[in-house]
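Heads up, the thing below is written out as structure tokens.
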2 protein chains.
Amino acid sequence: MLSKRAKYAIKTILFLQDHPELVPASAKLISERETIPYKFLENILRDLKTHQLVKSVRGAEGGYALAKDPSMISIAQVMRAMDGPIALIPCISERFYESCPECTDEETCRIRKLFAEVRSEMVPILERPITTLAKSK
Amino acid sequence: MLSKRAKYAIKTILFLQDHPELVPASAKLISERETIPYKFLENILRDLKTHQLVKSVRGAEGGYALAKDPSMISIAQVMRAMDGPIALIPCISERFYESCPECTDEETCRIRKLFAEVRSEMVPILERPITTLAKSK
DNA sequence: ATAAATCCTATAGAATAGGTATGAATTAAA
DNA sequence: TTTAATTCATACCTATTCTATAGGATTTAT
């Protein structure tokens, strides 16, 4: 399941996309508008910044903005930044690969094969740019 | 990510499917053959039994067997028994539905919409009977 | 200067993961 | 009828992760 951290991060990214007029948006503002605990959000924003998904302006009137064009940002990027692998098992993850200690033959592992199929269905959906998410409200 | 609990459970189910000649298979045997910690496996087997995926025979020469025809068992069933929802967010889960406390309108929630799409791709794959998993080794 | 911000480190409580310990109940076989 | 193998049940344990919160240092527009 998606962590709250990732969910809050996604909401933050979408908020920044939806409100270019409020940019740079302060953590306080985002926190209030999206009902995300303030200090927790600060933490998440730092992480998003490390992963170059947002950029920041310091000092009074400062805040956060998307670090790149929204058409270059996907939910998958946010999820990977917050929660790590999208794949349900590490032995098929592209960016977070890890072999199963007990596995004798990855090539023939049925479990791996099944979850590889799942992954290859999930990833393209999550990698769509956030601009393709129908805007609502 | 899939928990070890779920992974061990899947391996156990596949083991029982692959070795009808060893049925009823004792926890000890399964534990050795699949290198799953014995006491942890006992725990998992109890849970699988509660969810009617395996049945047990008590006493000496006892052990575990699949509770129904393998063609009626899916990886999704095992995952739900062990880890709960397959959906990445609870507001689109069929069996473990929970609304997001802060959500004002599920109908228009873009996040929900996206993850619903992900879920509807994942579930059919995971719900295939285990008999359809190409046997290997 | 002051206020409003980001930035940084540390801490804390709760839940979950991954197991372990102990022993009772059941049953086949010797 | 004893013994050994097994399931069944409960409780416990340790480490990690999750979800934050606290306190303060730093930066900057006004």
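Convention: sequence-line order gives letters A, B, ...; per-chain numbering from 1.
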Degree of bending in the helix from C:dA1-D:dT30 to C:dA30-D:dT1 once both end axes are built from five pairs, to 10°: 0°

A:Met72 backbone acceptor or donor facing A:Gln77 side chain under 3.5 Å: yes

DNA chain D: first to last nucleotide in contact with chain A (atom under 4.0 angstrom from a heavy atom), 5' to 3', is D:dT19 to D:dA29

Quick one: side chains of residues 89-97 of chain A, donor-acceptor pairs under 3.5 Å with protein atoms, not counting sequence neighbours, listed by atom name and distance.
from    : atom 1 : to       : atom 2 : distance (Å)
A:Ser93 : OG     : A:Phe96  : N      : 2.9
A:Arg95 : NH2    : A:Glu127 : OE2    : 3.4
A:Tyr97 : OH     : A:Glu106 : OE2    : 2.6

Calculate, to the nearest 0.5 Å, the distance between atoms CG and CD1 belonging to A:Leu114 and B:Ile130 respectively. 11.5 Å

Would you jot down, in residue-number order, the residues of residues 77-96 of chain B having a non-hydrogen atom under 4.0 Å from DNA chain C? none

With a 4.0 Å cut-off (strictly under) to non-hydrogen atoms of chain A, the first and last hit nts on DNA chain C, 5' to 3', are C:dA4 to C:dT9

Nucleic acid contacts - residues 2-14 of chain A versus DNA chain D, non-hydrogen atoms under 4.0 Å: A:Ser3, A:Lys4, A:Arg5, A:Tyr8

Non-hydrogen side-chain atoms of B:Gln17 and B:Thr131 separated by less than 4.5 Å: yes

Which atom of A:Ile125 lies closest to which atom of B:Val118, heavy atoms considered: CG2-CG2, 3.8 Å

Rounded distance [0.5 Å steps], CZ in B:Phe115 versus CZ in B:Arg119: 13.5 Å

How close do A:Leu41 and A:Ala27 get, heavy atom to heavy atom, and via which atoms? CD2-O, 3.4 Å

With sequence neighbours left out, what residues match B:Glu117 under side-chain hydrogen bond (donor to acceptor under 3.5 Å, both in side chains)? A:Arg128

What residues in residues 35-47 of chain B put a non-hydrogen atom under 4.0 Å from any atom of DNA chain C? B:Pro37, B:Lys39, B:Phe40, B:Asn43

For atom NZ of B:Lys68, decide whether the heavy atoms of other residues, nucleotides or ligands shown that lie under 6.0 angstrom number more than 12. yes

Heavy-atom closest pair, residues B:Ile86 and B:Ala76: CD1-CB, 3.6 Å

Same cluster or not: A:Met1 versus B:Leu126, using hydrophobic residues (I, L, V, M, F, W, Y) connected whenever any side-chain heavy atoms lie under 4.5 Å apart? no

In short, B:Met122 meets A:Met122 closest at the heavy-atom pair CG-CG, 3.7 Å

CD1 on B:Ile73 to CD on B:Gln52, rounded to 0.5 Å: 11.0 Å

Residues which pass side-chain hydrogen bond (donor to acceptor under 3.5 Å, both in side chains) with B:Ser71, listed by chain and number, not counting sequence neighbours: B:Asp69

Which atom pairs, donor and acceptor, lie under 3.5 Å between side-chain atoms of residues 2-10 of chain A and protein residues at least two apart or in another chain?
from   : atom 1 : to       : atom 2 : distance (Å)
A:Ser3 : OG     : A:Ala6   : N      : 3.1
A:Ser3 : OG     : A:Asp83  : OD1    : 2.6
A:Ser3 : OG     : A:Asp83  : OD2    : 3.2
A:Arg5 : NH2    : A:Asn43  : OD1    : 3.3
A:Arg5 : NH2    : A:Asp47  : OD2    : 2.9
A:Lys7 : NZ     : B:Glu102 : OE2    : 3.4

On a heavy-atom basis, which atom in A:Tyr64 and which in A:Val23 lie closest, and how many Å separate them? O-CG2, 4.1 Å

Close residues, residues 22-32 of chain B, relative to DNA chain C [heavy-atom separation under 4.0 Å]: none

Quick test of your reading: applying side chain to side chain donor-acceptor pair (under 3.5 Å), list the pairs with at least one residue in residues 23-36 of chain A, sequence neighbours left out, ordered by first then second residue. none

